[in-house]
Structure formats: C-alpha cells, structure tokens
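Heads up, the thing below is written out as structure tokens.
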Amino acid sequence: MQMDPQELLSLCKRRGFLWPAYDIYGAVSGLYDYGPLGAALKNNIENQWRRLYVLQEGFYEISCPVVAPEPVFKASGHVDAFCDVYVECTSCGETYRADHLAAGMHPNPASLGEHELGKLLKANGVKCVECKGELTEPKRFNLMFKTSIGAGKGKTAYLRPETAQGMFVNFAQVYRYGRERLPFGAVQVGRAFRNEISPRQGLIRLREFSMMEAELFVHPEDKTWPGFRKVKDRAMPLVPSKGDPRTIRLDEAVKAKVIGNEVLAYYMWLTYKFALDIGLDPARLRFRQHEKTEMAHYASDCWDLEAETGYGWIELVGVADRGCYDVQAHIDHSGADLTAFERFDEPKEVEQDVVKPDFGELGPLFKGKAKKVAEALSRLSPESAKGKDKVMVEVDGEKVSVPAKCFEVSRRKEKVSGRKIVPHVIEPSYGVDRMMFALLDHAYSKKDDYVTLRLKPLVAPIKVGVFPLMPKDGLDEIAQGIYNDLTGAGFDSYLDDSGSIGRRYARMDEVGTPWCVTVDYDTKNDGTVTVRDRDTAEQTRIKKEKVPKAIEALVKGAGLSSLNTLR
RNA sequence: GCGGCUGUAGUGUAGACUGGUUAUCACUUGAGCUUGCCAAGCUCAAAACUCGGGUUCAAAUCCCGGCGGCCGCACCA
C-alpha cells in the first residue's frame with residue numbers, strides 16, 4: 001500500500017513527533033526538531049541498536065566531537081571528493097556538473113580538480129547544452145559545513161559528514177582498550193552534517209541527521225566469521241547488481257559470491273534482524289547492492305537496506321566493505337601507526353639485506369641534513385642500493401645524490417615475532433531519522449479515518465495510557481496511583497482524564513501506545529482494572545497492584561490472555 | 001542550483017480569478033455541564049492570512065523579492 005507521506009508528516013507535527021526547526025523565523029529546509037514523542041521514539045531505536053551491537057556483539061561505543069580540523073577530512077578524502085564541481089551558463093543560468101560535461105574527454109573526469117576540468121572543457125569548446133551560451137569557470141561546492149576553530153582566522157574545520165572518521169582516528173586507542181586483538185569493533189551514535197543542495201522529502205534528506213555507525217576491524221585476509229554458522233540458513237531478499245533479485249539463504253549467497261564474504265553477510269543479517277526487531281515490515285524491505293559507479297570513494301562493496309515507503313524505496317542502512325582505505329589514508333597523512341600486530345605462532349629467524357648509513361661519511365657531506373638523508377637511505381630497498389656507486393633519495397622534496405661510501409648493504413639476522421597489518425573495515429551505517437520515518441510509515445494504519453500507529457512495544461514512545469473512566473468518585477485518585485506505580489517501575493506512561501473514554505483510547509492509538517489501563521467502578525469493589533490492547537481493542541481485567549508486572553510481561557511479548565494469573 | 005505549482009488557527013480547509021464591514025467551516029485544544037468502556041452531546045473560550053517591498057483611498061486577494069513546501073531536472077558517501 002502506498003500512503004501519502006504528507007498525511008504522516010501532518011500527524012507527526014500535530015502529535016509532537018516532529019516540527020520544522022526554527023519555524024518562527026521561517027524554518028530552514030533540511031532541519032527538523034524532534035518533539036517529545038519523536039525524541040522518545042528515536043531514543044528507543046538507538047537504545048535497541050546499542051543492545052544489539054554493544055551488548056550482544058561486543059562493539060565498543062565511543063563518542064567523538066562533531067567538529068574536526070581540516071587534516072582529518074583531507075586524509076579521509078572528503079575535502080577533495082565530497083563535493084560537486086559545477087559550471088553555469090552565463091546567458092541562461094542553467095547549471096551542469098562539470099565532470100558530466102567532460103564525459104568522454106578523459107578516462108575519469110570525476111578524478112579531476114576544477115582547474116583541470118575547466119581547461120578540458122575549454123579545450124574541447126564545450127558550450128551550454130540548452131542555449132549554446134558561454135560557461136563559467138568550474139565552481140566547486142563541498143557538501144561539508146565549513147567552520148573555524150579559535151579566534152581570528154582560526155583553524156579551518158568541518159562538521160563531520162559521517163561519524164566513521166572518529167573511530168578510524170581512534171583506532172590505536174580502541175585497539176589497545178580491547179587488549180590488542182583482531183577482530184574488534186567500535187560504534188558511535190551521533191549527529192552528522194551534510195550541506196545538501198536541495199533537501200527534500202521530510203526526514204529522508206536532512207542537513208543535520210543522526211547516524212548509528214559500526215566499524216568492524218578485521219584481518220584483511222580473513223573475512224570468515226564465527227557467528228556466521230548460526231545464521232547461515234536464514235534468508236534475505238537481495239537485489240544484486242548482477243543477476244535477478246531473489247530471496248536467498250546466506251550460505252548460498254556467500255558460496256555463489258553474491259555477497260562477497262561471511263562478515264559482510266553476517267552484518268547484513270544483523271541489520272535485517274534489527275529492522276525486524278524494531279518493527280519494519282519484512283514485505284517492504286530488501287538489500288540492494290551498489291553498482292560499481294555509485295559506490296563511495298572508499299568502498300569496495302556495498303549493500304543498502306532499503307524500505308518501501310510513501311516516497312518509494314529509500315535507503316536506511318549501508319553495509320560497506322571499506323577495505324583498508326580509511327585506516328591506510330590516516331596512516332599516510334598522520335604518520336601514526338594504525339596497524340594491528342599479528343603474532344606468528346613461532347618467532348621466525350629472518351635474514352635480510354639492509355641499507356646501513358655511515359654517519360662518519362654522511363655528517364661532513366650533508367651537515368644538518370645528514371640525519372634526514374640517513375633516514376631516507378634506511379627506507380630504500382636493499383636491491384635498489386646494492387652494487388650502485390650512488391643512489392638518489394628525496395629529502396624535504398629535494399632530490400639528493402648519495403655516493404656509495406655513505407652506506408653499505410649488509411646482511412642482517414633478525415628475530416621476527418610477527419608483522420604489522422592494516423585492518424580492513426566492515427561498516428554498517430544506519431540513518432536513524434530515516435529508520436524512524438520508515439517505521440512510522442510501516443506502522444501507520446487507517447480504517448474509516450481512524451488512525452492507529454502499530455508501533456512495536458519495544459519502540460513505542462508511550463507504553464501505557466492510564467484513564468479513570470470518570471474523573472470523579474475517587475477513580476481519578478486510583479488512576480493517579482497506578483500511573484505513579486508505572487512510572488516508578490520505569491514505564492513511559494500517560495495519564496488522561498479528559499473527554500470520553502473512546503476519545504482517550506483514540507488519542508493513544510494515534511501515537512502508537514500499545515496498552516491502556518482503565519479504572520472503572522468495579523475497581524472500587526474488587527480492586528481490578530481493565531487492560532486494553534491497541535491492535536485488537538480486547539480487554540482483560542487484572543488486579544490494580546499487578547499493573548506494572550503485567551506491562552513488564554506484555555513488553556516482553558506475552559499476550560493479553562497470559563495475564564489471567566494476575567486477576 | 002534550475003523550472004513548474006504552492007503557502008490562511010495545532011491539523012485540514014473556504015475566501016483570491018472579479019481588492020471593500022468583524023476572514024469560512026470542521027476537527028483538535030482548554031473550562032464547565034453531561035457522560036458508567038472505544039473519536040457521543042450542549043455552552044463558553046483560545047487559535048491563522050509565511051516574511052519584506054510595491055501598486056491602490058483600500059491587499060489574504062494584484063505585482064516583485066526572500067523564506068518554506070510539493071513535483072520534475074540535477075544531486076545523493
């Protein structure tokens with residue numbers, strides 16, 4: 001069923017899930033405020049995710065700043081690659097992506113900077129496709145929000161476009177925290193920012209949004225996974241980039257190379273399970289594999305969990321194999337050692353040639369530069385130095401010729417007890433806001449203009465409505481007592497004594513509250529209250545003292561009929 | 001960023017073309033009466049012309065611009 005998203009957004013605004021941000025000043029597109037119910041629903045989704053990743057799977061949760069200095073995103077590639085290069089027609093104002101216009105003029109136009117693209121377009125005499133007008137010089141639009149740290153000119157910085165980098169730059173710390181073992185994972189739940197050119201569709205494309213990201217660091221040559229055995233006969237609906245869409249068992253998918261490896265398959269399954277746990281409709285979920293051309297600059301394989309909503313199929317989660325791209329990039333840019341140490345079973349005796357600088361000769365010859373020259377020499381491969389009468393090395397960007405008397409190539413015995421490896425990263429990256437929107441979309445049901453949100457108890461912002469049938473005769477005080485018991489026991493509850501009982505049930509149904517407890521005149525006689533189920537409108541009576549216990553059982557999945565013992 | 005359409009109480013709307021008294025209606029919300037289990041009724045109340053400029057004696061209404069929304073293009077790590 002395709003529903004009108006406007007209807008859902010209207011409910012969200014009316015009932016306090018969602019409001020356009022800064023509305024009294026005219027609002028800003030792509031920014032939303034969460035109202036009390038939205039904030040609660042979002043928390044419930046995030047906490048369920050933590051239960052899965054942190055408690056069950058043993059990932060380490062960290063929390064990093066939203067602002068980061070420029071070098072971080074230089075290294076990650078976002079400063080250069082997370083942007084679009086535009087040209088504009090000077091006469092009709094139409095804009096084009098410069099790399100699209102350059103298609104066919106260069107093997108990979110997307111890899112060029114704006115100056116090269118400008119030259120290329122000029123050289124090929126490219127004009128406006130619409131009106132043949134002159135085009136402007138290419139302009140670059142980076143999708144990151146730029147800011148600065150500190151007074152005056154300060155230090156250039158950006159708001160993070162993903163939380164992932166925080167986990168990559170903390171690799172060494174988290175690796176040590178986990179007592180230096182692979183594989184291990186880190187997670188982060190938090191805000192990220194993208195200065196979208198044209199945010200649309202409510203919560204689907206936001207400029208500030210929440211992500212739940214997990215980075216699993218694995219051995220680059222071992223992508224088997226111990227947990228895979230337990231889930232291998234489960235099936236998921238897949239839309240591979242090659243071949244037909246099909247629902248396929250995980251072990252078959254890995255065997256047939258539809259999914260690249262066991263780790264990726266396992267975390268796709270975990271993602272699928274999470275989606276079902278919070279209440280997304282399995283009939284409206286699928287995994288779609290990225291085409292090679294749509295893959296991010298860092299990914300080698302990527303599957304999106306997509307949900308069908310009033311906006312069509314939308315991406316909720318990306319599960320990507322990022323290879324060693326990010327960790328290697330931060331090693332290269334920062335010089336930090338972000339490797340894991342793989343211990344051999346037995347330490348090995350290794351004989352190898354090394355280039356050994358002779359400081360007695362280097363000193364007089366190179367003076368202050370001698371130390372750097374020596375370091376450069378040590379980095380040379382022995383083969384390239386052996387038997388030469390001089391070698392070229394690069395010091396501070398300058399080529400230096402070093403005569404043979406300054407070094408010797410000698411054979412050295414070493415005990416090697418292991419090796420440094422750069423881990424590969426499997427990344428499940430969840431868009432919280434999108435998941436929440438899809439959840440509301442899938443939960444929305446309407447019968448003769450009566451709206452019920454069939455949210456699962458696990459995520460429902462309010463678990464119980466508590467009503468006195470009449471706000472008098474002491475019923476209201478009893479209801480207040482039950483309400484206090486429930487909130488005391490940790491359940492989000494809602495006390496409502498206004499309007500007819502039917503209206504109060506309707507109010508709770510519309511925001512997805514799974515149960516309502518009503519205090520009536522029998523309560524005064526026999527101490528029982530009714531418990532009503534949202535989806536069936538069925539009721540059962542239980543002792544009023546047992547209400548918190550009953551709700552606890554119901555949240556855990558017990559049916560209404562199981563409450564008989566609490567009568 | 002471009003083009004088309006569009007913006008009236010918390011929500012959904014009438015009024016606009018053809019400018020003119022106190023801006024329509026419903027739901028919602030609050031108070032009271034009533035009501036003894038599924039959006040009942042009555043009374044009262046609260047609540048809006050997206051913002052700025054222009055035309056005019058007079059603008060919710062016509063014109064221009066900003067902001068927001070929807071759709072299409074483009075974009076989407």
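Each chain gets a letter, A, B and so on, in the order its sequence line appears, and its residues count up from 1.
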message: I'd like to know whether the aromatic ring centres of A:Phe437 and A:Tyr311 sit less than 6.0 Å apart in this structure.
response: yes
message: Expressed as a whole number of angstroms, how long is the span from A:Asp23:CG to B:G10:P?
response: 10 Å
- prompt: Base, sugar-phosphate, or nothing: which does A:Ser10 touch, judged by heavy atoms less than 4.0 Å apart?
  reply: sugar-phosphate
query: Mind checking the P distance from B:U11 to B:U28? Whole angstroms is fine.
result: 15 Å
- prompt: With a 6.0 Å cut-off on ring centres, are A:Phe217 and A:Phe171 close enough?
  reply: yes
- line: Across every strand shown, the nucleotide meeting Watson-Crick or G-U wobble geometry with B:A60 (both distances under 3.5 Å) is none
- request: Kindly indicate, with the supporting measurements, whether the criterion side chain to side chain contact (heavy atoms under 4.5 Å, CB included) is fulfilled by A:Ser210 and A:Met436.
  value: CA-CA 11 Å; A:Ser210 289; A:Met436 183 173 134; over 6 Å; no
- prompt: Starting at CD1 of A:Ile501 and ending at P of B:G41, how long is that distance when rounded to a whole Å?
  reply: 17 Å
- request: Using atom CG of A:Asp448 as one end and atom C1' of B:C38 as the other, report the distance to the nearest whole Å.
  value: 14 Å
query: Could A:Asp80 and A:Lys74 be called an ion pair, given the rule that one side-chain N must be under 4.0 Å from one carboxylate O?
result: yes
statement: When A:Arg205 and A:Gly499 are each assigned the nearest nucleotide of RNA chain B, the 5'-most assignment goes to A:Gly499
message: In whole Å, measure the gap between the C1' atoms of B:G7 and B:G15 for me.
response: 15 Å
query: Looking only at N and O atoms, is any donor in the side chain of A:Arg194 or the base of B:C76 less than 3.5 Å from an acceptor on the other one?
result: no
query: Given the C1' atoms of B:A47 and B:G4, what is the spacing between them in whole Å?
result: 34 Å
field: Complement of B:G19, any strand, by Watson-Crick or G-U distances under 3.5 angstrom
entry: none
Per-nucleotide protein contact string for nucleotides 65-72 of chain B, where B marks a base within reach and S marks sugar-phosphate only (heavy atoms under 4.0 Å, - for neither): --SSSSBB
field: Heavy atoms of other groups near A:Tyr521 OH, more than 12 under 6.0 Å
entry: yes
query: How is A:Val519 classified with respect to the nucleic acid when contacts are heavy atoms under 4.0 Å: base, sugar-phosphate, or nothing?
result: nothing
- prompt: Which nucleotide, in any strand shown, forms a Watson-Crick or G-U wobble pair with B:U50, with both distances under 3.5 Å?
  reply: B:G66
query: For B:U24, which nucleotide is its Watson-Crick or G-U wobble mate, given both distances must be under 3.5 Å?
result: none
- prompt: Would you say A:Arg15 reaches B:U28's phosphate, i.e. side-chain N/O to OP1/OP2 under 4.0 Å?
  reply: no
- request: Could you work out the separation of B:A45 and B:G53 based on their C1' atoms and round it to a whole Å?
  value: 37 Å
- prompt: Distance between the C1' atoms of B:A48 and B:U13, in whole angstroms?
  reply: 12 Å
- request: In whole angstrom, give the distance that lies between atom CD of A:Glu510 and atom P of B:G12.
  value: 13 Å
message: Is the ring pair A:Phe287/A:Trp303 parallel, tilted or perpendicular, if the boundaries are 30 and 60 degrees?
response: perpendicular
Residue closer to the 5' end of RNA chain B, A:Lys472 versus A:Glu538 (nearest nucleotide): A:Lys472
Interatomic distance, A:Leu469 CG vs B:U34 C1' [rounded to whole Å]: 14 Å
field: Ion pair check, A:Arg286 and A:Asp304, cut-off under 4.0 Å
entry: no
message: Under a 3.5 Å threshold, yes or no: a donor from one side chain and an acceptor from the other, between A:Tyr53 and A:Tyr430?
response: yes
- prompt: Got a salt bridge between A:Arg322 and A:Asp301, using NZ or NE/NH1/NH2 to carboxylate O under 4.0 Å?
  reply: no
- request: Could you tell me which nucleotide pairs with B:U55 by Watson-Crick or G-U wobble geometry, both distances under 3.5 Å, or answer none if nothing does?
  value: none
Under-4.0 Å side-chain N/O to phosphate OP1/OP2 contact, A:Arg532 with B:C38: no
message: Less than 4.0 angstrom between a side-chain N/O of A:Ser498 and OP1 or OP2 of B:G30, yes or no?
response: yes
query: Do A:Tyr505 and B:C37 share a donor-acceptor pair, side chain to base, under 3.5 Å?
result: yes
- request: Scan every strand shown for a Watson-Crick or G-U wobble partner of B:G30, both distances under 3.5 Å, and answer none if you come up empty.
  value: B:C44
message: Check this for me, if you would: do A:Arg288 and A:Glu308 make a salt bridge, where the nitrogen-to-carboxylate-oxygen distance has to be below 4.0 angstrom?
response: no
- prompt: Should A:Arg14 be listed as having a side-chain N or O under 4.0 Å from OP1 or OP2 of B:U29?
  reply: no
- prompt: With no hydrogens and no angle check, is any side-chain donor or acceptor of A:Arg534 less than 3.5 Å from a backbone partner on A:Glu510?
  reply: no
statement: Here the distance between atom C1' of B:G30 and atom CZ of A:Arg504, to the nearest Å, is 16 Å
Whole-angstrom distance between B:C62 and B:C5, as gauged at atom P: 13 Å
- prompt: What is the distance, rounded to the nearest whole Å, between atom CD of A:Gln539 and atom P of B:G36?
  reply: 16 Å
Anything under 3.5 Å between a protein N or O and an N or O of nucleotides 42-45 of chain B, put it in a table, one pair a line.
none

message: Between A:Ser500 and B:A40, is there a contact of a side-chain N or O with OP1 or OP2 at under 4.0 Å?
response: yes
Base paired to B:U35 (Watson-Crick or G-U; both N/O distances under 3.5 angstrom): none
message: Using atom C1' in both nucleotides, what's the gap between B:G19 and B:U61 to the nearest angstrom?
response: 6 Å
- prompt: Would you call A:Asp520-A:Arg541 a salt bridge at under 4.0 Å N-O?
  reply: yes
- request: Pick the C1' atom in B:C76 and in B:G12, then give their distance to the nearest Å.
  value: 33 Å
- prompt: Can you tell me the Watson-Crick or wobble partner of B:C73, both distances under 3.5 angstrom?
  reply: B:G1
query: If we require ring centres under 5.5 Å and near-parallel planes under 30°, does A:Tyr450 stack on B:A39?
result: no
Rounded distance (Å) that lies between atom C1' of B:U35 and atom CZ of A:Phe467: 16 Å
- prompt: Is any NZ, NE, NH1 or NH2 atom of the basic residue among A:Asp441 and A:Arg284 found under 4.0 Å from an Asp or Glu carboxylate oxygen of the other?
  reply: yes
